[in-house]
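The sequence lines fix the lettering, A, B, ..., with proteins before strands; numbering per chain opens at 1.
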Amino acid sequence: MCGRFAVSPAVVENIAVVEVGNPGALQIGADIRPTTDISAVVATGAGRMLHPMRWGFVPDWYAGPNDGPLLINARAETIATKPAFRAACRQRRCLIPTSGFYEWQSLGRQGKRPYWLQPAHGGAATFAGIWQDWRGADGAVHHSCAIVTCAASEDLAHIHHRLPVIIEPSNHALWLGEAGRGAATLMHAQPQGWWQAEPDRGPPVSSPRLL
DNA sequence: CCAGACGTTGTT
DNA sequence: GTCTGG
DNA sequence: CCAGACGTTGTT
DNA sequence: GTCTGG
(Lines give C-alpha, C1' and ligand atoms only; values in the text may rest on other atoms or scores of the structure.)
Protein backbone atom coordinates (compact mmCIF):
# COMPACT_ATOMS: atom_id res chain seq x y z
CA MET A 1 0.00 0.00 0.00
CA CYS A 2 1.27 3.43 0.59
CA GLY A 3 1.49 4.95 4.03
CA ARG A 4 4.69 6.99 3.86
CA PHE A 5 6.34 8.62 0.91
CA ALA A 6 8.86 11.23 -0.19
CA VAL A 7 9.08 14.21 -2.50
CA SER A 8 12.65 15.16 -3.35
CA PRO A 9 13.88 18.50 -4.70
CA ALA A 10 14.40 16.75 -8.06
CA VAL A 11 10.64 16.23 -8.27
CA VAL A 12 10.22 19.99 -8.18
CA GLU A 13 12.26 20.31 -11.38
CA ASN A 14 10.25 17.60 -13.08
CA ILE A 15 6.84 18.82 -12.01
CA ALA A 16 7.64 22.46 -12.52
CA VAL A 17 8.45 21.85 -16.15
CA VAL A 18 5.98 19.16 -17.02
CA GLU A 19 2.93 19.99 -14.94
CA VAL A 20 2.54 23.40 -13.43
CA GLY A 21 3.99 26.83 -13.14
CA ASN A 22 4.13 27.27 -9.39
CA PRO A 23 6.78 24.85 -8.11
CA GLY A 24 7.25 26.90 -4.97
CA ALA A 25 4.04 25.43 -3.64
CA LEU A 26 5.22 21.82 -3.87
CA GLN A 27 5.72 20.31 -0.43
CA ILE A 28 9.15 18.66 -0.15
CA GLY A 29 9.96 15.95 2.37
CA ALA A 30 11.80 12.66 2.91
CA ASP A 31 9.17 11.36 5.33
CA ILE A 32 5.69 12.52 4.40
CA ARG A 33 3.05 11.11 6.77
CA PRO A 34 -0.72 10.74 6.87
CA THR A 35 -2.66 13.78 8.15
CA THR A 36 -0.02 16.23 6.93
CA ASP A 37 -0.46 18.57 3.98
CA ILE A 38 0.81 17.27 0.66
CA SER A 39 0.76 18.80 -2.81
CA ALA A 40 -1.53 17.49 -5.51
CA VAL A 41 -2.08 18.46 -9.12
CA VAL A 42 -5.73 19.10 -9.93
CA ALA A 43 -7.42 20.10 -13.16
CA THR A 44 -9.21 23.43 -13.27
CA GLY A 45 -10.94 25.20 -16.10
CA ALA A 46 -7.85 27.36 -16.40
CA GLY A 47 -5.35 24.52 -16.43
CA ARG A 48 -3.60 22.44 -13.80
CA MET A 49 -2.94 23.72 -10.34
CA LEU A 50 -0.76 22.48 -7.54
CA HIS A 51 -2.89 22.46 -4.45
CA PRO A 52 -2.08 21.64 -0.81
CA MET A 53 -4.31 18.95 0.69
CA ARG A 54 -4.50 16.97 3.89
CA TRP A 55 -3.43 13.38 3.28
CA GLY A 56 -6.43 11.62 4.78
CA PHE A 57 -9.64 11.84 2.77
CA VAL A 58 -12.57 13.43 4.63
CA PRO A 59 -15.96 12.30 3.21
CA ASP A 60 -18.42 15.14 2.91
CA TRP A 61 -20.65 13.79 5.67
CA TYR A 62 -17.84 13.87 8.26
CA ALA A 63 -18.30 16.69 10.76
CA GLY A 64 -14.52 17.05 10.83
CA PRO A 65 -11.30 15.26 9.92
CA ASN A 66 -11.58 12.90 12.88
CA ASP A 67 -15.24 12.05 12.55
CA GLY A 68 -14.37 8.61 11.18
CA PRO A 69 -11.48 6.38 10.21
CA LEU A 70 -8.40 7.91 8.63
CA LEU A 71 -8.70 7.26 4.89
CA ILE A 72 -5.23 7.51 3.36
CA ASN A 73 -5.84 4.90 0.66
CA ALA A 74 -8.73 3.92 -1.60
CA ARG A 75 -8.90 0.48 -3.21
CA ALA A 76 -9.01 0.60 -7.00
CA GLU A 77 -11.30 -2.44 -7.05
CA THR A 78 -14.07 -0.72 -5.09
CA ILE A 79 -13.44 3.01 -5.36
CA ALA A 80 -16.24 3.51 -7.91
CA THR A 81 -18.96 2.13 -5.66
CA LYS A 82 -17.93 2.94 -2.08
CA PRO A 83 -20.11 5.79 -0.78
CA ALA A 84 -17.07 7.57 0.63
CA PHE A 85 -15.20 7.64 -2.68
CA ARG A 86 -17.70 7.28 -5.48
CA ALA A 87 -18.27 10.95 -6.31
CA ALA A 88 -14.60 11.87 -5.93
CA CYS A 89 -13.63 8.97 -8.18
CA ARG A 90 -15.81 10.36 -10.93
CA GLN A 91 -15.28 14.08 -10.47
CA ARG A 92 -12.24 14.84 -8.34
CA ARG A 93 -9.14 12.92 -9.34
CA CYS A 94 -5.65 14.30 -8.77
CA LEU A 95 -1.98 13.50 -9.25
CA ILE A 96 0.34 13.38 -6.27
CA PRO A 97 4.00 13.97 -7.17
CA THR A 98 6.51 11.66 -5.51
CA SER A 99 10.10 10.49 -5.63
CA GLY A 100 9.35 7.16 -3.92
CA PHE A 101 7.65 5.53 -0.98
CA TYR A 102 8.32 3.27 2.00
CA GLU A 103 6.85 -0.14 2.49
CA TRP A 104 7.10 -2.42 5.52
CA GLN A 105 7.37 -6.12 4.89
CA SER A 106 5.78 -8.16 7.64
CA LEU A 107 8.07 -10.80 9.12
CA GLY A 108 5.42 -12.20 11.45
CA ARG A 109 6.80 -12.68 14.94
CA GLN A 110 10.12 -11.29 13.77
CA GLY A 111 8.61 -7.87 13.27
CA LYS A 112 8.91 -5.95 10.00
CA ARG A 113 11.47 -4.81 7.51
CA PRO A 114 11.39 -1.45 5.75
CA TYR A 115 11.91 -1.00 2.01
CA TRP A 116 12.40 2.09 -0.07
CA LEU A 117 10.76 1.89 -3.50
CA GLN A 118 11.48 4.36 -6.25
CA PRO A 119 10.95 4.43 -10.02
CA ALA A 120 13.70 2.36 -11.65
CA HIS A 121 14.06 5.05 -14.31
CA GLY A 122 15.29 7.34 -11.58
CA GLY A 123 12.87 10.19 -12.07
CA ALA A 124 9.75 11.49 -10.48
CA ALA A 125 6.31 9.90 -10.62
CA THR A 126 2.76 10.73 -9.72
CA PHE A 127 0.39 8.66 -7.59
CA ALA A 128 -3.25 8.41 -8.58
CA GLY A 129 -5.31 10.32 -6.04
CA ILE A 130 -8.84 11.47 -5.34
CA TRP A 131 -9.74 14.54 -3.37
CA GLN A 132 -12.63 16.06 -1.47
CA ASP A 133 -13.42 19.46 -0.09
CA TRP A 134 -15.18 20.15 3.16
CA ARG A 135 -16.13 23.27 5.06
CA GLY A 136 -14.81 23.87 8.55
CA ALA A 137 -16.73 25.52 11.36
CA ASP A 138 -15.07 28.81 10.42
CA GLY A 139 -16.49 28.52 6.92
CA ALA A 140 -13.07 27.93 5.36
CA VAL A 141 -12.86 25.26 2.68
CA HIS A 142 -10.23 22.58 3.14
CA HIS A 143 -9.09 19.87 0.78
CA SER A 144 -8.15 16.31 1.60
CA CYS A 145 -7.07 13.36 -0.49
CA ALA A 146 -6.36 9.64 -0.65
CA ILE A 147 -3.93 7.58 -2.74
CA VAL A 148 -5.43 4.84 -4.90
CA THR A 149 -4.01 1.33 -4.34
CA CYS A 150 -4.07 -1.86 -6.40
CA ALA A 151 -2.79 -5.43 -6.17
CA ALA A 152 1.00 -5.65 -6.21
CA SER A 153 2.85 -6.92 -9.26
CA GLU A 154 4.50 -10.35 -8.94
CA ASP A 155 7.99 -9.01 -8.45
CA LEU A 156 6.92 -7.01 -5.39
CA ALA A 157 4.40 -9.39 -3.87
CA HIS A 158 7.06 -10.74 -1.50
CA ILE A 159 7.28 -7.29 0.06
CA HIS A 160 3.61 -6.39 0.15
CA HIS A 161 0.37 -7.29 -1.59
CA ARG A 162 -0.80 -3.74 -2.28
CA LEU A 163 0.85 -0.90 -4.19
CA PRO A 164 0.04 2.73 -4.98
CA VAL A 165 -1.28 3.30 -8.51
CA ILE A 166 1.07 5.32 -10.71
CA ILE A 167 -0.19 7.49 -13.57
CA GLU A 168 2.34 7.85 -16.39
CA PRO A 169 2.74 11.32 -17.96
CA SER A 170 1.03 10.18 -21.17
CA ASN A 171 -2.09 9.40 -19.11
CA HIS A 172 -2.16 12.48 -16.90
CA ALA A 173 -4.83 14.20 -18.96
CA LEU A 174 -7.03 11.13 -18.91
CA TRP A 175 -6.72 10.70 -15.15
CA LEU A 176 -7.41 14.38 -14.53
CA GLY A 177 -10.52 14.25 -16.69
CA GLU A 178 -9.15 16.59 -19.35
CA ALA A 179 -9.37 13.94 -22.08
CA GLY A 180 -12.77 12.38 -21.65
CA ARG A 181 -13.66 9.17 -19.88
CA GLY A 182 -11.56 6.11 -19.30
CA ALA A 183 -9.70 6.93 -16.11
CA ALA A 184 -10.79 3.62 -14.57
CA THR A 185 -8.58 1.70 -16.99
CA LEU A 186 -5.51 3.35 -15.46
CA MET A 187 -5.89 1.79 -12.02
CA HIS A 188 -3.42 -1.08 -12.20
CA ALA A 189 0.12 -1.89 -11.09
CA GLN A 190 3.16 -0.87 -13.09
CA PRO A 191 4.89 -3.64 -15.09
CA GLN A 192 7.45 -5.78 -13.32
CA GLY A 193 10.74 -4.00 -12.89
CA TRP A 194 9.22 -0.54 -12.93
CA TRP A 195 9.88 -0.13 -9.22
CA GLN A 196 13.31 -0.48 -7.73
CA ALA A 197 13.17 -1.83 -4.17
CA GLU A 198 15.91 -1.21 -1.62
CA PRO A 199 15.63 -3.31 1.54
CA ASP A 200 16.37 -2.09 5.05
CA ARG A 201 15.81 1.53 4.23
CA GLY A 202 13.05 3.22 6.20
CA PRO A 203 12.22 6.89 6.58
CA PRO A 204 15.06 9.04 7.96
CA VAL A 205 15.18 9.03 11.73
CA SER A 206 14.02 12.33 13.09
CA SER A 207 16.62 14.16 15.10
CA PRO A 208 16.46 13.46 18.84
CA ARG A 209 14.49 15.98 20.79
CA LEU A 210 16.63 18.35 22.80
CA LEU A 211 15.87 18.56 26.48
C1' DC B 1 2.27 3.97 7.61
C1' DC B 2 4.92 4.01 12.46
C1' DA B 3 5.84 5.76 17.11
C1' DG B 4 4.28 6.64 21.28
C1' DA B 5 0.89 6.99 24.62
C1' DC B 6 -2.21 4.64 27.39
C1' DG B 7 -4.51 8.12 34.19
C1' DT B 8 -6.58 10.59 38.14
C1' DT B 9 -6.82 13.90 41.71
C1' DG B 10 -6.66 18.74 43.10
C1' DT B 11 -4.40 23.08 42.90
C1' DT B 12 -2.76 27.34 40.56
C1' DG C 1 -25.26 12.53 1.33
C1' DT C 2 -26.26 7.58 0.07
C1' DC C 3 -26.28 2.73 0.66
C1' DT C 4 -27.24 -1.62 3.38
C1' DG C 5 -29.50 -4.53 6.69
C1' DG C 6 -33.41 -5.70 9.15
C1' DC D 1 -39.84 2.13 6.36
C1' DC D 2 -35.79 3.61 9.81
C1' DA D 3 -31.20 2.89 11.81
C1' DG D 4 -26.75 2.59 11.06
C1' DA D 5 -22.85 2.37 8.31
C1' DC D 6 -19.99 4.67 5.32
C1' DG D 7 -12.55 2.51 5.18
C1' DT D 8 -7.86 0.41 4.62
C1' DT D 9 -4.31 -2.22 6.32
C1' DG D 10 -2.83 -6.73 8.18
C1' DT D 11 -3.54 -10.72 11.08
C1' DT D 12 -5.67 -14.90 12.67
C1' DG E 1 -3.74 -4.55 22.96
C1' DT E 2 -5.53 -0.29 20.95
C1' DC E 3 -5.86 4.53 20.10
C1' DT E 4 -3.82 9.08 18.67
C1' DG E 5 -0.73 12.20 16.42
C1' DG E 6 2.17 13.21 12.78
> Could you state the CE-C1' distance from A/Met1 to D/dG7, rounded to the nearest angstrom?
Replying inline: 11 Å

>> Distance check needed: D/dG7 C1' versus A/Asp60 CG, whole Å only.
In response: 15 Å

> How many Å lie between CZ on A/Phe57 and P on D/dC6, as a whole number?
Replying inline: 16 Å

> Does the ring of A/Trp61 lie flat against the base of C/dT2, closer than 5.5 Å centre to centre with planes under 30°?
Replying inline: no

> Are any of the side-chain heavy atoms of A/His172 and A/Leu95 separated by less than 4.5 Å?
Replying inline: yes

> Between A/Tyr62 (OH) and D/dA5 (C1'), how many Å, whole number?
Replying inline: 11 Å

> Can you tell me how far C1' in B/dG10 sits from the matching atom in D/dG4, rounded to whole Å?
Replying inline: 41 Å

> Quick one: A/Ile32 CD1 to B/dC2 C1', roughly how many Å, whole number?
Replying inline: 15 Å

> Between A/Ser99 and A/Ala6, is there a donor-acceptor pair closer than 3.5 Å when you use the side chain of the first and the backbone of the second?
Replying inline: yes

>> I'd like to know if the side chain of A/Arg92 and the backbone of A/Cys89 have a donor-acceptor N/O pair within less than 3.5 Å.
In response: no

> Can you tell me how far C1' of C/dG1 sits from CZ of A/Phe85, to the nearest Å?
Replying inline: 15 Å

> In whole angstroms, how far is the P atom of B/dA3 from the CH2 atom of A/Trp104?
Replying inline: 7 Å

> Counting any heavy atom closer than 4.0 Å, what does A/Tyr102 reach on the DNA or RNA strands: base, sugar-phosphate only, or nothing?
Replying inline: nothing

> Considering only the C1' atoms, how many Å lie between B/dT9 and D/dC2, rounded to the nearest integer?
Replying inline: 44 Å

> Is any side-chain nitrogen or oxygen of A/Arg162 closer than 4.0 Å to OP1 or OP2 of D/dT9?
Replying inline: yes

> For D/dT8, does either OP1 or OP2 sit under 4.0 Å from a side-chain N or O belonging to A/Thr149?
Replying inline: no

>> Roughly how many Å apart are C/dG5 and D/dT8, using the P atom of each and rounding to a whole number?
In response: 16 Å

> With a non-hydrogen cut-off below 4.0 angstrom, is A/Pro59 in contact with a base, only sugar-phosphate, or nothing?
Replying inline: nothing

> Can you name the nearest heavy-atom pair linking A/Ile96 to A/Ala146, along with the distance?
Replying inline: CD1-O, 4.3 Å

> Just checking, is any N or O donor in the side chain of A/Gln132 or A/Trp134 under 3.5 Å from an acceptor N or O on the other one?
Replying inline: no

>> Please report whether the ring centroid of A/Phe127 lies less than 6.0 Å from that of A/Trp175.
In response: no

>> Suppose you measure atom C1' in B/dC1 against the same atom in D/dG7; what distance do you get, rounded to whole Å?
In response: 15 Å

>> What contact category does A/Ser106 fall into here, base, sugar-phosphate, or nothing, at under 4.0 angstrom with non-hydrogen atoms?
In response: sugar-phosphate

>> C/dC3, OP1 or OP2 - any side-chain N/O from A/Arg86 closer than 4.0 Å?
In response: yes

>> What is the separation between atom CZ on A/Phe127 and atom C1' on B/dC1, rounded to the nearest whole Å?
In response: 12 Å

> Any donor and acceptor pair, going by atom type alone, linking the side chain of A/Ser39 with main-chain N or O of A/Leu50 inside 3.5 Å?
Replying inline: no

> Do the ring planes of A/Phe85 and A/Phe57 sit parallel (below 30°), tilted (30 to 60°) or perpendicular (above 60°)?
Replying inline: perpendicular

> Is the shortest side-chain N/O distance from A/Lys82 to OP1 or OP2 of D/dC6 below 4.0 Å?
Replying inline: no

> If you measure only the distance, is there a donor-acceptor pair under 3.5 Å linking the side chains of A/Gln190 and A/Glu168?
Replying inline: yes

>> I need the residues from residues 69-81 of chain A with at least one non-hydrogen atom less than 4.0 Å from DNA chain D; give them sorted by number, or say none.
In response: A/Pro69, A/Leu71, A/Asn73, A/Ala74, A/Arg75, A/Thr78

> Where does DNA chain E pair, written as one dot-bracket string 5' to 3', with Watson-Crick or G-U pairs under 3.5 Å, ( ) inside the strand, [ ] for crossing pairs and | for another strand?
Replying inline: ||||||

>> Is it the case that the side chain of A/Glu103 and the backbone of A/Met1 share a donor-acceptor pair, with hydrogens and angles ignored and the cut-off at 3.5 Å?
In response: yes

